[in-house]
Structures are given as structure tokens and as C-alpha cells.
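Below you'll find the structure, written out as C-alpha cells, and then a few comments.
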Amino acid sequence: MKILSIQNIEKYYGNKTNITKALKGLSFDIEKGEFVAIMGASGSGKTTLLNCISTIDRVTSGHIYINNYDITALKPKQLSKFRRESLGFIFQDFNLIDTLTAYENISLALSIQHKEKNMDDKIHEFAKELEIEEILDKYPYEMSGGQKQRVAAERALITSPSLILADEPTGALDSRSSQFMLKKMAYMNQAHEATILMVTHDAIAASYATRVMFIKDGQLFHEIYEGNDDRKTFFNKIIEVESLLDGDLNDL
Amino acid sequence: MIFKIAYRNIKKSIKDYAIYFFTVMIGVAIFYVFNAIETQTAMVKLGQSSSEITSLLTNLLSAVSILVSIILGALIIYANSFLIKRRHKEFGVYIMLGMEKKQVSFILFLETLLVGLFSLLVGLVLGAILSQGMGLLVVHMFKVDMSRFHFVFSLHAMIKTIVYFGIMYLIVMLFNTISISKVQVISLLRKKENEEMKLGHPLLSSAIFIIGVGILSYAYYLVTNQNALSKLLEKNVSGIFLPIILGVIATFMIIFGFSTIAIMIVKHSKLYHKGLNTFTVTQISSQIKTMTVSLSLITLMLFFTICLLSTSSNLTRSINTFYSKTNTCDVSIRAWNTTGSLASMLKDHHYNVNEHLKDYVEVKGYQSKLNEVNYAKLFGSKSGLSKQTFASYEKMPLEMLSVSNYNKLAKALHEKQYTLKKDHYLVICDASGAKDYFNKGLSEKPVLTINHHKLQPQYLTSQSGRTDLSSYSSGILIVSDNVFQNIKGYDSTTYLLGNYRGNDEKEEALLNQTLKDMTKNRQENDFNYVSYTKLSLQASSTGLRVIVTFIALYIGIIFLISSAAILALKALTHMNDSQSRYIILNKIGCEKHELHGSILKQNLVLFLIPLILACIHSVAGLKFTSYFTDMMGSGNAAKPAVSTMLILAAIYGGYFLVTYVLCRNMCDHYIDQ
């Protein structure tokens, strides 16, 4: 089943005399239960793409379907309802509310959607899997970066969204915490069939995904599937494509 | 260049300055209005004998103005420091770019100056308009001649306002310069670290809260229970500070414990995990935690305002009823050490009483001998007064009148007349404090010996009545006619009542002049008198009401805007500190109207806590003030007037609305960025 379908989207910035084309006719689909990583250099358009999918930004032309709903045709009021119910977010800088405990940060995501039913059981169940059960009553300033990001991950997962958007989720973490976090994300993807779209420029992070797409100058440059490869082989493939992508730089 | 920066800064941070500007503007306007009253009252002219009252009012208002300017000055400094704190980073960047601290101070100086000048100007214009309304209010409230009403602008008040606020701004600028020169660049630039949520210890907070409630109940008991209060005030009037200090401490303790207890209760209720409640509750509790002291202060200021405004409206009402009762005869004179009759003495000074007064009454009364009758004797042994107070009452004689003489006075004053059996007496008293003591004493049926007559009380309670226009009597002894036959060795008092024959004002001037002449070069034991006239009483009634109302309004409004402004600034600071939280909430799918709902709840609780606490306080406070107004003879229990509540609601509610709208705009601004 297609969760996300992007059809020939374009995004232009600027005015008539000076146009920047951030996205130039990009199309791809994501099936349910996929863990997709999007890679690309700065300015390649990956953040613009994420903003358009997360409805923060609007496309200039083309269509984005999520669960067969054309979100480019939604009105602002419907948009926020859609965002709340269909999308989960994991941000680079965690974005936890500092005055709430981990538990409250997670429960808030549910109570905003008025899904208070079995809240306590749900939170503890996910927390066990993400190994944050012991810190549920702690405040963000009492946690390590890795713990914060796993709390944020639970917050994104708890509402069972159709699609989880992760923007450089390991960007602010050290390599150990990064790997732990990514393992947990991969686990969630497999155990709960969570569909994840992750933007990153870290090849190691991308190697945890099941599919990696490369974007260059607002267009799809290449994509590779993990298939039956182990993670190391997949990582090497990613590096190969990356060196092609950054060809100019390697000339130095 | 620096001018440009300062000007642009104001334009850019116009929203930040809004509350500051609003408060200073109202402050200026109120200050002008009350200092312009002199000109206003001169215009409407409250009557002939009102010039003294007007000057008293003006003097009182200028004294209060000093207090007011101190309060406003403190408020402006506080509001200003809030603005500086918000812009620390901006100043840090200036210094990093190589600007000297002196120059940064100068930017700030210019900004304060510009905003100050602008708010002064707008405030003065607003004040000039408001003071016309005030003039109309005077005309309406005190039923003075409307024809003389016209637009006036008080130059004196304007200059005074400019000077006072000029001084305040100078002090503010001094504060700014000091605070900038002391600050370290690194602290200006450093990002505010995440707030650490520290909940108070639940047991400790509960204990503090409960002890606070206990202390408060005790303080309430002290001021509302008459026995406890009189015991407290007996030794020393400063005893009144005990319940006040207890109340202040208890207020602080209750607010301190409140947030922890409230959050504990809410956390265990089902509501906590509903919608945005989790967030709203922690926001409120973190805010209350950080402003325990200012919330206590605001509570006390609001309490003071409510009491002041209610008591004043009550007082004006009782002044009104009190004087309206006196509209019976034109003039009353009480004289001592007269030789012959007062009428004949007046005639010696070329004032023919028959010619100037119609239906005049002149009667004689006596002063009791202390060993025969005094206040203490009639209060009895069970009055519950301390030894000291009792001893002082033993030295106070009573005025005595024969019943037929009293009835003559009572007839002229339209009071109740009495008949007494032979060798009987009755006590006249209207002051509620003394009345209780008399009633206790009379229930023991004390037998009095006066001029060799043994007298029995005819009534076992004190009766109402009076002997001149002055007031409610605080104790007159009326005896049967036979007692004063063959009387010797008692000091006498002469009572004269009458109505003018001709033009009231002219007649009054003539009589006053004559009486003044009679007491010229007087020595001890010479003729002396006390006179009351209908005209002077009316004038002082109006004047007193004006004074009480205006002073109360003045202080009340200033206190109210100060506390509301502090709350508003605190709310805005907190909103600014919570910026990231609103952005996160929006990112995880919270809609604007939900966030607005949360902001509304937060502001509502913030504004309601001190108001509710102050209202509870004022129930006890008003009971206490009514105890004093009762002593003055007014029987009315203190009731908060409708007008008081309207003023309160308008100003406080206005600040609440402005705060809410500003917070909401800030929230939208964060999100749209």
C-alpha cells in the first residue's frame, strides 16, 4: 500500500526576475513499512522536500498524496488536523518541552489528539522497547541527548501516524548514542511497521534504512535498496553513490 | 546614527513597549486629573464655606501625590528593567560590534526619553479630557451649580506633572546606565538556559500552606471578633499591626504553597492528561513559583484598593445620611460661662435675637459632678473595659438637662420627646460603641444621687436624641424636672436654637461676627461657645464627601494599575521565556486556537489568584473598617459599592484583556516565524 506518493512536484522561490528552483519535478512513492533515507548535499533541496511533505511549505506545482489524500489541495484548517493525525516528527534538536517530564511530553502528543484511552499502558509499552522506562519521570534537563531523542521518538510513534518524518535525528548526538537511536528506529520500523522518512547526510545513519534516495539540485539523482545486503555492504554502496554525487569535490 | 538606532528600536519593539507606555500614560493622566482638581473645584464652587475644604483637599491631594509618584516611579523602573532584560542580546551584539557601554546607555537613554515624552504628551491630553469628566462628576455627585461648568486646563497641574514625571524618568535613566555598565558582555549574549522545573517538596509545601491558612484565620478572628479586637487595641493602638503583619506573612505562605499543592491535586485527576492541560498546568505553576513575592504584594495592594474604595463609598453614604438628618433648624449654639441669658449677652453686642431669629429656644443644662455621675458609673462594672480605660471614663462628666428643657430642644430639632416620672432619669446616646456600654450598665439599674435626689433609671437601655445640630450624642443625662429645683454649685451650659429671619447667608455672617466679637480677648473661665449652622454643615458634608471620594479614588486607581501592570509584565516575560515551548507544540500538531485557549487559561489564573485572595481578605478587612465607621455613628455595614466594582473591573479587566491579546500575538508571531 502506498503511504506517500509524490508526483512531479516543483518548488520555486523568489520573484519574476530572480527565481530559485529548489525542487524540479521530483516524483517517488513510499510503501507502508518502509524506512527511507534521503541524502543530499546542502542546498540540494532535501529540507524543502521535507517541509513540503510536512505541510509547513506549499509546492508550486505537482501533487503530494498521503494515504491517497492530496495534501496540496487541503485548506489550512484541514492541514493542521491532517498533520496532527497522520504525521509524526523527530527533530534534530529534540524539541521536548523543558517544563514537562518525559512522560508528560509523550502523553501530551496523545492528549492533543484526544486519544487518552489506555494512555498509560501504551506509553509504558513503547518506553520499554525504547529503553526509556526508567527516565519517564525525569525532566529534559536531567537526561542525556540520546535519551531525549528516544523520548522524542516515542512521542512521534505513540500516536501511530501513517508517516514519521525524521530531520537529521542523529545530528546532535555522539556516534554511540546515534547508533543506539538508529537501531531503535530500525526496530520500530520492523516491529510496528512504522513508515519512516529520514533526512540525513550521514552515510552511517542512512545505512540503517531499507532504501536510500539521493537528491541533487532538486531532482532524484539515484536510489538504492538494501535488498539482501548486510548493513556493511549497504553502507559501502551508499559511500560509492555519495562519491559520485560529490564528484566535483573529489576532484580536489 | 545613534538617534536612528534608538528610533528604529522603539518602532521595532513597539509591542514590548505597549504595556509600559500604557501604564505610564494612565499614570500621567491620573496624576494630572487629581492635581487639576483645585482648578476644577474653584470652577464649580462648592458653596460659601467651602474654601477651607477646597484648600484641605488640595493639600491632601498634593501629599498623596508624593506617595503616588513614589509608587509610579518604582513601577516605571520595574517595567523598564523588564524591557532591558528582554533586549540583553541586542545590547550584547552592539558591544561585540565595538560600541562602548556609554553609547549603549545613551541609546537606552534616548529610547526612554522618546517613549517618556510621548507617553507624557498623550497622558496629559488624556488627563485634560478625563479631568473634564471629573468636573462633570463633581457637578453631578454634589449637586452644584451646572451653569458655571466650562472647559478648563490647569497649567499648574500640567507643570507639576511634567516636573514629577521628569524626575522619575531621570531616575529611570540613572538606573539604566548603572545596569548596563555593570553587566558583563558574556551574560548579555548567553542564551537563556532551559528552565529547571523544580517542584517544591509536597509535604513541606502543604505544611506551609496549612500553617498559612491557620495564621490567616487567626488574623481574621483578631480583626472581626469585637472582643478580640478590643483586647488587642486596649493596651496600645499599635496592636493593630499584629493582624496586619500576620496577614502579610500568611498571604505569602499561602501563595508559596499553593502552586505545589494545586499541581499535586491536578496531576492526580483525570483532567491532567486532557488536551493541553498538562502544559497549561505546568506553565501556571512555574510562573507562580517564580513570582511568589510579587503575587503576595499584588494581593495586598488589591486588598487595600478594595477596602479603600468600599469604605470610602460607605463613608460618603454615611456622611450623607448623617448630615441630611441635621436639616432641621438653621443654627445651634452651645455656650459656657454665660452671665445671664445668652440672648441678653448677644443684645449687649448689638444683636437683637428677636429681630434676627424666629422661633428661637434658649434653655439651660448642667454638667454632672464627677463624684455623683460620670461615664464609668453608667457603664457599670461588667462593661469589660480594662482598668486603665475605666479610670479615664471616671474623669468624664455628663451633660445633664431637665426633661422639659430637653423636650424644647428636641421639638426644634424634630427629635423624639420624652416624659419622665419624678426622681427618674434616662440616658441619651447614639454612638454605637458607647451605646453598648450604656446598655450593659443600665441593665444593672444603677441608682444616681444628683443635687440630693435619688434617681432611678426609667429605661434600661439608652435612648436616641440630641441637643444641637452637631452630631449624634455620645451621652446626655435627662432627669425629671424636680431635680434641678434650688440647684447650686453646678457648671451650667446654655443651649440656643433658632431659624434665621432674613437671607440665610447674610444672617449667618452677622451672627458669626457677633459671636467672634464676644470671645475676643477671652481668658480661661470666660464666655465660650460652639455653634453649628445648617449651611456650614452642608458645605462640610459636600466637602468631606469630595475629599473622601477623591483621595480614595486616587490611591485606589494608582494601586490598581500598579498591580495590574506588574501582572501584565510578568505574563509577557513568561510568554517570552516560553517561546520555544509554543513552537514545539505547534510543530507536533497543536492548532493556534488550542494554544490561545491555553494562554487564556494561564492569564486568567494569573489575574484571578491575587484578585480572589484579595476579595477573601477584604471580607475580613471591611468587617474591621465597619467597626470603626460604626463607632463614628454610622450603622451601615460596609458594603462594596457597585461603582467600586465597576472601576475595579474596568481597569483590571482592561489590563487582563490587553495582556491576553499581546500574549496571543506573541504566540502567533513565534509560530509564523
Side-chain angles (χ1 to χ4, degrees), chain A residues 51 54-56 76-120 122-123 137-143 148 152 154-159 161 164-165 167, chain B residues 191-199 202 259-260 263-264 266-290 574-575 577-598 602 667-668 670-673:
Chain A
N51 284 344
S54 64
T55 71
I56 294 169
K77 204 148 198 199
Q78 296 168 304
L79 269 180
S80 69
K81 185 173 185 290
F82 159 81
R83 185 159 64 196
R84 198 167 58 212
E85 288 170 5
S86 309
L87 297 180
F89 293 94
I90 302 172
F91 306 94
Q92 180 173 5
D93 48 0
F94 326 129
N95 278 348
L96 296 177
I97 293 176
D98 51 0
T99 49
L100 299 180
T101 62
Y103 184 94
E104 289 164 351
N105 262 296
I106 299 161
S107 75
L108 196 61
L110 283 171
S111 63
I112 287 173
Q113 296 188 31
H114 307 290
K115 286 182 183 168
E116 286 97 350
K117 227 178 166 184
N118 299 330
M119 183 164 77
D120 196 54
K122 255 192 202 165
I123 292 176
D137 287 327
K138 285 193 174 171
Y139 287 96
Y141 70 91
E142 296 169 308
M143 302 174 202
K148 278 184 208 169
E154 182 174 352
R155 182 179 65 185
L157 280 161
I158 197 87
T159 56
I164 293 170
L165 299 173
D167 185 6
Chain B
K191 198 183 147 208
K192 195 179 177 283
E193 269 160 40
N194 280 354
E195 192 178 336
E196 291 193 10
M197 261 305 280
K198 273 190 192 130
L199 278 177
S259 66
T260 312
I263 206 175
M264 253 167 30
V266 179
K267 261 195 177 174
H268 289 100
S269 81
K270 273 189 175 172
L271 279 174
Y272 188 59
H273 289 296
K274 216 155 192 189
L276 271 179
N277 284 357
T278 324
F279 173 71
T280 310
V281 170
T282 47
Q283 282 291 93
I284 292 169
S285 94
S286 83
Q287 178 153 31
I288 295 174
K289 268 265 110 81
T290 57
H574 193 239
M575 188 69 208
D577 294 345
S578 312
Q579 181 176 356
S580 61
R581 293 171 209 150
Y582 289 94
I583 296 173
I584 295 167
L585 282 174
N586 180 252
K587 274 186 182 167
I588 63 170
C590 225
E591 281 174 51
K592 265 184 190 173
H593 71 88
E594 287 174 301
L595 292 176
H596 292 171
S598 173
Q602 289 172 39
C667 170
D668 290 356
Y670 300 152
I671 291 169
D672 295 339
Q673 263 185 349

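Side chains included, hydrogens not; waters and symmetry mates left out as well; all remaining heavy atoms used. First the proteins, then the strands, lettered A, B, ... as listed; each starts at 1.
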| task | Would you please name every residue forming a side chain to side chain contact (heavy atoms under 4.5 Å, CB included) with B:Met264, sequence neighbours left out? | result | B:Pro202, B:Ser206
| field | Option that, when pairs with chain B are counted at under 4.5 Å, heavy atom only, ranks first among A:Asn95, A:Thr101, A:Leu108 | value | A:Asn95
| For A:Phe91, is it the side chain, the backbone, both or neither that has a heavy atom under 4.5 Å from a heavy atom of chain B? | side chain
| task | Work out which heavy atom in B:Phe279 is nearest to a heavy atom in A:Ile97; give both atom names and the distance. | result | CD1-CD1, 4.2 Å
| query | How close do A:Glu116 and B:His273 get, heavy atom to heavy atom, and via which atoms? | reply | CG-O, 3.0 Å
If you look only at distance, which donor and acceptor atoms sit under 3.5 Å apart when one is on a side chain in residues 583-591 of chain B and the other is two or more places apart or in another chain?
from     : atom 1 : to       : atom 2 : distance (Å)
B:Asn586 : ND2    : B:Cys590 : O      : 3.2
B:Glu591 : OE1    : B:His593 : NE2    : 3.4
B:Glu591 : OE2    : A:Ser80  : OG     : 3.2
B:Glu591 : OE2    : A:Arg84  : NH1    : 2.7

| message | Heavy-atom cut-off 4.5 Å, strictly under: side chain, backbone, both or neither for A:Phe94 against chain B? | response | neither
| request: Measure the CZ-CG distance between B:Arg581 and A:Asp98 for me, rounded to the nearest 0.5 Å. | output: 4.0 Å
| task | Over all heavy atoms of both residues, which pair between B:Lys274 and A:Ser111 is shortest? Give the atoms and the distance, please. | result | C-CB, 4.0 Å
